[in-house]
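Just the heavy atoms: all of them, side chains too, but no hydrogens, waters or symmetry mates, feed the values below. Chain A is the first sequence line, chain B the second, and so forth, proteins listed ahead of strands; every chain is numbered from 1.
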Amino acid sequence: MDMDKLVALCKRRGFIFQSSEIYGGINGFWDYGPLGVELKKNIKDAWWHDMVRNPPPGPDGQEIEMVGVDCAIIMNPKVWEASGHVGTFADPMRKCPQCGHFVRADQLWEALTLCTWMNSLIQEFTPISGAIDSPRLMKWAQGKGKRLAPNLALVRNPHVVLSFLATRVNGQPDAPPDLMEMTRYFATEQLHATGLQEPCPQCGGPLGEAKPFTLMLESHTGTEKTEASKVYLRPETAQGIFVNFKNVLDSTRLRLPFGIAQTGKAFRNEITPRNYTFRSREFEQMEIEFFCHPDESMKWFEYWREVRKSWYTKLGIKSDKLRPRDQGEKELAHYSKACTDIEYMFPFSDEPQELEGVAHRGDYDLAQHMKHSGKDLSYFEEELWAKADKSAYGGDKKKEQEAKSKLPFRYVPHVIEPSAGADRFTLAVLCEAYTEDTAPDEKGAPQERIVMKFHPRLAPIKAAILPLVNKEGMPEIAHKLYRELKQDYNVFFDDGGAIGRRYRRQDEIGTPWCFTIDGQTLADQTVTIRDRDTLKQERMPIAQVANELKRRLQP
RNA sequence: GCGGGUGUAGCUCAGUGGUAGAGCGCCACGUUGCCAACGUGGCUGUCGUGGGUUCGAGCCCCAUCACCCGCUCCA
């Protein structure tokens with residue numbers, strides 16, 4: 001499938017527009033048009049219905065408790081300190097002017113010890129003794145170095161660099177240079193002009209100054225625009241759930257395990273927004289935080305991984321394009337026990353791209369918020385305590401208190417986090433639906449047809465109501481049916497042009513069914529229902545249309 | 001952020017420094033008898049934006065914005 005054709009269709013038919021287009025657009029932001037908003041809304045509604053209102057039975061066949069919240073986009077900035085976003089997002093970054101590579105300033109040396117050219121170079125000398133084998137380094141610079149680190153000073157100008165290094169070593173023989181200092185010398189071409197420099201792990205070029213770099217978008221509240229008034233647009237909806245965990249617990253009588261769900265906008269200052277709406281700076285998430293007992297968390301992780309994967313399949317994503325991928329141990333965050341990315345083969349990439357991450361986050365988030373807010377976010381098993389044999393404590397209140405303060409009675413819940421991208425799934429649905437096939441024209445000759453094969457639940461328009469011709473009362477009957485159906489569904493009335501053209505127009509926007517009022521309707525009150533994918537038509541009584549539509553749209 | 005490419009009607013795209021075009025679509029009227037019909041008429045443009053060169057710029061130059069591809073980044 002050609003991505004350009006999909007992008008053109010989305011614009012032509014009103015699914016997706018570039019944001020602020022008449023002003024030249026803005027990088028990384030997109031608007032949904034009349035059809036796009038219906039599609040995305042259907043996706044969010046399907047998610048809410050299938051995950052919050054009516055989630056599949058649990059691993060042991062039990063009912064799943066789910067509730068929702070809708071939190072503010074702007075929160076107390078301390079939330080983002082606790083979550084780690086300020087720390088990791090605001091790390092000073094250093095950029096290589098030669099190749100454009102970014103590296104976190106505090107991770108430079110770690111990156112250097114892991115990088116290819118450094119590992120190659122390190123075999124050519126013995127930094128601990130400080131001994132330098134100039135001819136050997138020269139050979140490296142003129143051989144392997146040229147390929148591995150083309151912008152390293154040692155490679156670009158080995159004579160000068162080696163002479164600086166020799167001066168350094170000879171000048172202070174009792175202080176042999178360590179690995180870091182040696183490396184700085186290797187990266188420095190004009191010692192007197194620039195001082196010692198540090199090399200890029202990618203190409204060896206001299207790195208620039210460290211600059212703070214944050215992926216969170218910032219704003220200010222109140223009248224003063226100061227550091228103290230700075231606030232962040234949330235980079236994920238999850239934290240709103242965590243900070244409201246206690247509120248939900250206290251206001252609902254819910255007992256563990258249960259989940260809290262939220263859909264909403266999130267913002268990230270992506271360096272390179274790319275691939276249509278896939279990586280946008282403003283996007284919408286559909287997130288669940290499922291709170292459970294630490295001993296049961298893996299069971300719930302597996303439950304959600306399966307539930308989320310099959311949800312996509314159920315809504316029409318072919319299973320061979322859907323790739324659940326378990327993250328390796330190295331890839332996992334330090335607090336995480338497991339994480340599965342549910343990925344989709346988008347047409348714009350040879351690699352599957354992430355639609356959703358199902359993460360086992362342990363007690364990391366709640367523990368962080370306990371630490372930073374000073375509030376107790378632990379959970380107490382009241383029923384378990386009520387039934388417990390307390391004879392061991394002999395009525396000693398202190399012993400009882402101590403027992404109540406730890407497992408199995410009190411603990412910080414573990415969390416399973418299925419975090420899905422609403423816009424990413426919308427894009428996947430569009431890609432998946434786009435189909436070019438052939439359909440016969442009025443002479444029976446095959447003609448090219450573009451059809452969006454949306455799952456009926458997701459289709460922006462559920463049905464079109466069409467009078468075959470505009471006479472003999474057909475438009476009136478059609479309009480009456482239209483009025484009836486639009487009470488419950490987004491349906492479309494069209495009496496313009498020939499019937500074939502009207503069918504094709506509906507195909508292109510993925511309307512699953514067309515109801516046509518024809519001459520026979522006048523005689524026996526039946527209409528035809530025409531199927532988008534098969535082009536087949538059946539007759540049914542006009543009085544049964546609403547029920548039939550309801551039946552076909554059942555989740 | 002770097003390198004390469006693109007930007008002309010709603011869409012797809014022609015356009016050689018000298019009057020801005022085509023196809024499709026869209027709208028109106030007539031027609032219509034189940035899969036992109038036909039006839040007649042009509043609308044549609046700051047040629048991405050801002051400068052410059054020139055008697056004259058869609059075309060040449062500079063800058064800028066957006067999109068695409070490749071690097072890079074992606075807690």
Side-chain angles (χ1 to χ4, degrees), chain A residues 3-5 7-14 17-30 33 80 83-91 93 95-104 200-203 205 208 211 213-216 235-236 238 268-276 278-281 331-336 348-349 353-354 357 359 438-451 466-472 474 495-508 514 516-522 527-528 530-532 534-537 539:
Chain A
M3 204 63 196
D4 290 344
K5 286 186 181 173
V7 172
L9 183 142
C10 283
K11 183 174 182 194
R12 187 171 73 242
R13 301 309 305 265
F17 306 123
Q18 197 181 6
S19 171
S20 327
E21 193 190 283
I22 63 168
Y23 288 101
I26 178 167
N27 198 354
F29 297 88
W30 299 91
W80 307 112
S83 70
H85 287 85
V86 169
T88 53
F89 275 29
D91 273 327
M93 301 288 285
K95 199 197 148 192
C96 173
Q98 307 287 335
C99 72
H101 182 78
F102 280 93
V103 61
R104 267 174 65 169
C200 168
Q202 191 82 9
C203 73
K211 285 181 186 163
F213 186 84
T214 177
L215 278 176
M216 278 198 290
E236 61 176 32
R268 294 179 197 179
N269 191 20
E270 298 286 355
I271 299 167
T272 313
R274 199 53 78 84
N275 291 328
Y276 203 26
F278 183 81
R279 179 169 296 130
S280 301
R281 289 182 168 139
E331 212 177 337
L332 287 174
H334 62 88
Y335 48 77
S336 183
F348 54 72
S349 173
Q353 303 285 327
E354 186 180 349
T438 55
D441 64 12
E442 59 170 353
K443 289 166 194 150
Q447 297 289 337
E448 274 187 29
R449 178 179 80 135
I450 294 174
V451 50
L466 315 169
L468 185 61
V469 287
N470 289 319
K471 56 185 187 186
E472 293 166 26
M474 292 183 206
D495 60 1
I499 190 73
R501 173 181 301 254
R502 282 181 274 163
Y503 285 145
R504 295 296 171 84
R505 273 200 288 244
Q506 295 306 317
D507 291 341
E508 205 184 35
C514 294
T516 302
I517 284 71
D518 59 12
Q520 196 177 328
T521 310
L522 310 171
V527 297
T528 63
R530 178 258 194 192
D531 186 277
R532 175 194 67 196
T534 64
L535 307 177
K536 292 213 174 94
Q537 284 177 280
R539 292 205 78 87

Nearest whole Å is fine: how far is [N] [atom2] from [X] [atom1]?
{"X": "A:Arg13", "N": "B:rA36", "atom1": "CZ", "atom2": "C1'", "value": "12 Å"}
{"X": "A:Glu472", "N": "B:rC34", "atom1": "CD", "atom2": "P", "value": "13 Å"}
{"X": "A:Arg501", "N": "B:rC27", "atom1": "CZ", "atom2": "P", "value": "10 Å"}
{"X": "A:Ile26", "N": "B:rU64", "atom1": "CD1", "atom2": "P", "value": "17 Å"}
{"X": "A:Glu354", "N": "B:rC73", "atom1": "CD", "atom2": "P", "value": "17 Å"}
{"X": "A:Arg281", "N": "B:rC73", "atom1": "CZ", "atom2": "P", "value": "17 Å"}
{"X": "A:Lys471", "N": "B:rG30", "atom1": "NZ", "atom2": "C1'", "value": "12 Å"}
{"X": "A:Arg502", "N": "B:rG33", "atom1": "CZ", "atom2": "C1'", "value": "11 Å"}

Assign each of A:Val469 and A:Leu535 the nucleotide of RNA chain B bearing its closest heavy atom; nearer the 5' end lies the nucleotide of A:Val469

Whichever of A:Glu236 and A:Tyr503 has the more 5' nearest nucleotide on RNA chain B, that residue is A:Tyr503

Nearest-angstrom distance, C1' atom, B:rU19 to B:rG45: 15 Å

Between B:rA57 and B:rC69, how many Å separate the two P atoms, rounded to a whole number? 35 Å

Can you name the side chain to side chain donor-acceptor pair (under 3.5 Å) partners of A:Ser83, sequence neighbours left out? A:His85

Between B:rC67, B:rC69, B:rC34, which one does the side chain of A:Trp30 approach most closely? B:rC67

Set of ring pair (Phe, Tyr, Trp, His ring centres under 6.0 Å) partners for A:Phe29, sequence neighbours left out: none

Sugar-phosphate only, base, or nothing, as touched by [X] at under 4.0 Å among non-hydrogen atoms:
{"X": "A:Gly28", "result": "sugar-phosphate"}
{"X": "A:Asn27", "result": "sugar-phosphate"}
{"X": "A:Thr528", "result": "base"}
{"X": "A:Asn470", "result": "base"}
{"X": "A:Gln537", "result": "base"}
{"X": "A:Asp495", "result": "nothing"}

Presence of A:Arg505 side-chain N/O under 4.0 Å of B:rC35 phosphate oxygens OP1/OP2: no

Whether A:Asn275 contacts B:rC68 is assessed here as follows: a side-chain N or O lying under 4.0 Å from the phosphate OP1 or OP2. Is that the case? no

Has the side chain of A:Arg530 got a donor or acceptor atom sitting under 3.5 Å from an opposite partner on the base of B:rC34? no

Counting only distance, no hydrogens or angles, is the base of B:rG25 paired donor-acceptor with the side chain of A:Glu508 under 3.5 Å? no

Where do N or O atoms of nucleotides 9-15 of chain B meet protein N or O atoms at under 3.5 Å, pair by pair?
residue: B:rC11; atom: OP1; partner: A:Lys11; partner atom: NZ; Å: 2.4

Got A:Arg530 and A:Leu535 here, is their nearest side-chain heavy-atom distance under 4.5 Å? yes

Taking both distances under 3.5 Å as the test for a Watson-Crick or G-U pair, what stems of at least three pairs does RNA chain B have? B:1-7 with B:65-71, B:10-13 with B:21-24, B:26-30 with B:38-42, B:48-52 with B:60-64

Using salt bridge (charged side-chain N to carboxylate O under 4.0 Å, His left out) as the criterion, list what pairs up with A:Glu508, not counting sequence neighbours. A:Arg12, A:Arg13

List in chain and number order the residues that pass salt bridge (charged side-chain N to carboxylate O under 4.0 Å, His left out) with A:Arg502, two or more places apart in sequence or in another chain; answer none if no residue qualifies. none

List for me each residue that meets side-chain contact (heavy atoms from CB on, under 4.5 Å) alongside [X], sequence neighbours excluded, and say none if there are none.
{"X": "A:Gln520", "result": "A:Asp518, A:Asp524, A:Thr526, A:Arg539"}
{"X": "A:Thr534", "result": "A:Asp531, A:Lys536"}
{"X": "A:Val469", "result": "A:Lys471, A:Met474"}

Is the distance between the ring centroids of A:Phe278 and A:Phe348 under 6.0 Å? yes

